[in-house]
Amino acid sequence: KAGVTQTPRYLIKTRGQQVTLSCSPISGHRSVSWYQQTPGQGLQFLFEYFSETQRNKGNFPGRFSGRQFSNSRSEMNVSTLELGDSALYLCASSLGDREYEQYFGPGTRLTVT
Amino acid sequence: AQSVSQHNHHVILSEAASLELGCNYSYGGTVNLFWYVQYPGQHLQLLLKYFSGDPLVKGIKGFEAEFIKSKFSFNLRKPSVQWSDTAEYFCAVLPGRRALTFGSGTRLQVQP
């Protein structure tokens, strides 16, 4: 089985712009979660989508949004980028059942200048 | 606040030394527990998991972890580390149907 893929792998954006990141889960996985990883804050949960519905949401401002498509692929959008949004954004997929484990993608490295 | 604590931020060991990384959580009720590893330049990989049953779980590459419910702990162990174990290790807790919460990570450096 192919693993979780994320595109693009690297992005450089300017403050105030918006960005869209994409995640393709492992085939058959219905849940996709997004995390932000920074040296200072570590791994922080952004949101989880399951069957096209947001199931859980972390403590991030409304500038961070996401969606999931019928094929379970997910996108994450950040509007009005700030310097502090520079981070590695990780996507993880799982079957979505009660006892599940998440499989992580390689991440998208976003740099905001 | 509910959290996951990893007590050791940076551990330096020589090859063949034994390893124990601490993890404590503050969630009540049923939880699922995980250890993930991030090797330099690679993505997060699952080392081992605990859902229920035997509190001593074995994972890949000779790692094991013990769930002690009374202590809210899930410590990671390996009897003899290798240079290739150099990585960052993350404990994670899944409480109920809520989000997976990670500890701050422990950077392990194994010296040959």
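The basis for the numbers below is simple: all heavy atoms, side chains too, and nothing from hydrogens, waters or symmetry mates. Numbers restart at 1 for each chain; the letters A, B, ... are given by sequence-line order, proteins then strands.
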Assigning hydrophobic clusters by single linkage (Ile, Leu, Val, Met, Phe, Trp, Tyr; side-chain heavy-atom cutoff under 4.5 Å), is [X] placed with [Y]?
| X | Y | value |
| --- | --- | --- |
| A:Trp34 | A:Leu81 | yes |
| A:Phe104 | A:Leu21 | no |
| B:Val110 | B:Leu76 | yes |
| B:Ile60 | B:Val57 | yes |

So for A:Gln37, is it side chain, backbone, both, or neither that comes closer than 4.5 Å to the heavy atoms of chain B?
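Side chain of A:Gln37 only, per the 4.5 Å heavy-atom cut-off to chain B.
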Relative to chain B, which segment of A:Tyr35 carries a heavy atom at a distance below 4.5 Å: side chain, backbone, both, or neither?
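For A:Tyr35, the contact with chain B is made by the side chain alone.
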Does [X] [atom1] have over 12 foreign heavy atoms under 6.0 Å away?
| X | atom1 | result |
| --- | --- | --- |
| B:Asp54 | CG | yes |
| B:Arg107 | CZ | no |
| A:Arg15 | CZ | no |
| B:Leu56 | CG | yes |

So how far is it from B:Tyr36 OH to A:Glu101 CD, rounded to the nearest 0.5 Å?
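So the OH of B:Tyr36 and the CD of A:Glu101 are separated by 6.5 Å.
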Give, as side chain, backbone, both or neither, the part of B:Gln38 having an atom under 4.5 angstrom from any heavy atom of chain A.
side chain
Inter-chain contacts: residues 39-50 of chain B against chain A, heavy atoms under 4.5 Å
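Residues in range: B:His43, B:Leu44, B:Leu46, B:Lys49.
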